[in-house]
K.L.:
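To start, I am sharing the structure in question, which I have written as structure tokens.
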Amino acid sequence: IYKVAARYNLKIYVVANKWMTIPTDPKIEMVVVSGAFDAADDWIAENIGDDDIAITADIPLADRCIKRHARVLGPKGEEFTEDNIGDAMATRELMTNLRQMGEVGGGPAPMDKKDRSKFLSKLDQIIQSVRHRKGIGR
């Protein structure tokens, strides 16, 4: 993400409830929020706007960002959109219920090279789309 953002000269916000080590770059800002439940999600949802890009695996956060007209990309290269977020929310709810009943365990499979490639390709595609929409780079 850092390399792609640098290539396009984009600002990055890393939002978490504790300080993390990030690259030293004026275009990368660490935002530390309180430790309250969903404080990082709340900050993101309140500050994201039209054509901003959120990177998250958190489906409820993705839904909130889409409602603010942001683009949302999952860590494995799946873009969440108005057309598919409802299905993603329903699947999340179903899986939560199945886990609580002991029917399924564990989480998603770990990322592999194919996932990383799909993610980087989709991120580049989203950035190009936003730039085109804003008339940047024409």
K.L.:
Measure the shortest side-chain to side-chain distance between R7 and I127 over non-hydrogen atoms and say whether it is less than 4.5 angstrom.
P.N.:
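R7 vs I127: side chains apart.
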K.L.:
Is it possible for you to say whether I53 and V4 belong to one hydrophobic cluster, with membership spreading through side-chain heavy-atom contacts below 4.5 Å?
P.N.:
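Yes, same cluster.
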K.L.:
Could you give the distance from CG (D25) to NZ (K27), rounded to the nearest 0.5 Å?
P.N.:
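Rounded to the nearest 0.5 Å, the CG-NZ separation comes out at 8.5 Å.
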K.L.:
Provide the closest heavy-atom pair for A16 versus M30 in the form atom of the first, atom of the second, distance.
P.N.:
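Nearest pair, atom of A16 first, then M30: CB-CE, 3.7 Å.
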K.L.:
To the nearest 0.5 Å, what is the distance between SG (C65) and CG (D41)?
P.N.:
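Taking SG in C65 and CG in D41, the distance rounds to 8.0 Å.
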K.L.:
Using side-chain heavy atoms (C-beta onward) and a distance below 4.5 Å, is I22 in contact with Y2?
P.N.:
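Yes; the side chains approach each other to less than 4.5 Å.
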K.L.:
Would a single hydrophobic cluster contain both V14 and V31, if residues Ile, Leu, Val, Met, Phe, Trp and Tyr are joined by side-chain heavy-atom contacts under 4.5 Å?
P.N.:
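No, separate clusters.
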K.L.:
Taking side chain as C-beta onward, heavy atoms only, is D42 less than 4.5 Å from R64?
P.N.:
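Sidechains of R64 and D42: in contact.
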K.L.:
Same cluster or not: are I12 and M20 linked, directly or through other Ile, Leu, Val, Met, Phe, Trp or Tyr residues, by side-chain heavy atoms under 4.5 angstrom apart?
P.N.:
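Yes; tracing contacts between hydrophobic side chains, which count when under 4.5 Å, links both residues.
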K.L.:
Would you call R133 and D51 a salt bridge, taking side-chain N to carboxylate O under 4.0 Å as the test?
P.N.:
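Judged by the 4.0 Å cut-off on N to carboxylate O distance, R133 and D51 do form a salt bridge.
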K.L.:
CG/N17 to CG/D38 distance, rounded to the nearest 0.5 angstrom?
P.N.:
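Here the interatomic distance stands at 10.5 Å.
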K.L.:
Got a second to check how far T56's OG1 is from I48's CD1, nearest 0.5 Å?
P.N.:
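Answer for the OG1-CD1 pair, T56 versus I48, is 9.5 Å.
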K.L.:
Check A39 against S34 and note the closest heavy-atom contact, atom names and distance.
P.N.:
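So the minimum-distance heavy-atom pair works out to CB-O, 3.4 Å.
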K.L.:
Specify the closest pair of heavy atoms between F119 and I55, including all atoms of both residues, with the distance to one decimal.
P.N.:
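Reported closest heavy-atom pair: CE1-CG2, 3.8 Å.
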K.L.:
What are the two closest heavy atoms between V33 and W43, and how far apart are they?
P.N.:
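So the two residues come closest at CG1-CB, 3.8 Å.
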K.L.:
Is any side-chain heavy atom of F80 closer than 4.5 Å to a side-chain heavy atom of D63?
P.N.:
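When only atoms from C-beta onward are counted, D63 and F80 do not touch, as no gap falls below 4.5 Å.
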K.L.:
If the threshold is 4.0 Å, N to carboxylate O, is there a salt bridge linking D52 and R68?
P.N.:
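The answer is no: the pair does not qualify as a salt bridge.
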K.L.:
Can you confirm whether K76 sits close enough to K118 that some side-chain heavy atom of one is under 4.5 Å from a side-chain heavy atom of the other?
P.N.:
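Heavy-atom side-chain distance check fails, nothing below 4.5 Å.
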K.L.:
Can you find a heavy atom in the side chain of Y8 that is under 4.5 Å from one in the side chain of L123?
P.N.:
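Heavy-atom side-chain distance check fails, nothing below 4.5 Å.
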K.L.:
Could you give the distance from CD1 (I66) to CD1 (I59), rounded to the nearest 0.5 Å?
P.N.:
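These two atoms lie 10.0 Å from each other.
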K.L.:
Taking S121's backbone N and O only, do any of them form a donor-acceptor pair with D124's side chain (distance below 3.5 Å, no angle check)?
P.N.:
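Checking the backbone N and O of S121 against the side chain of D124, no donor-acceptor pair under 3.5 Å is found.
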K.L.:
With rounding to the nearest 0.5 angstrom, report the CG to CD distance, L120 to Q125.
P.N.:
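L120 atom CG to Q125 atom CD measures 13.0 Å (nearest 0.5 Å).
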K.L.:
Hey, is the main chain of T81 close enough, under 3.5 Å, to the side chain of N84 for a donor-acceptor pair?
P.N.:
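Between the backbone of T81 and the side chain of N84 there is a qualifying donor-acceptor contact (under 3.5 Å).
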K.L.:
Do L10 and I126 share a hydrophobic cluster (ILVMFWY, side-chain heavy atoms under 4.5 Å, transitive)?
P.N.:
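Looking at the clustering, I126 is in the same group as L10.
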K.L.:
Do K122 side-chain atoms and G74 backbone N/O form a donor-acceptor pair below 3.5 Å?
P.N.:
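No, because the side chain of K122 does not come within donor-acceptor range (under 3.5 Å) of the backbone of G74.
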K.L.:
Looking at K113, is its backbone amide N or carbonyl O close enough to the side chain of S117 to form a donor-acceptor pair, meaning the two atoms are under 3.5 Å apart?
P.N.:
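No, S117 side chain to K113 backbone: no donor-acceptor pair under 3.5 Å.
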K.L.:
Treating Ile, Leu, Val, Met, Phe, Trp and Tyr as nodes and any side-chain heavy-atom pair under 4.5 angstrom as an edge, say whether F37 and V15 lie in one connected cluster.
P.N.:
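No, F37 and V15 fall in different hydrophobic clusters.
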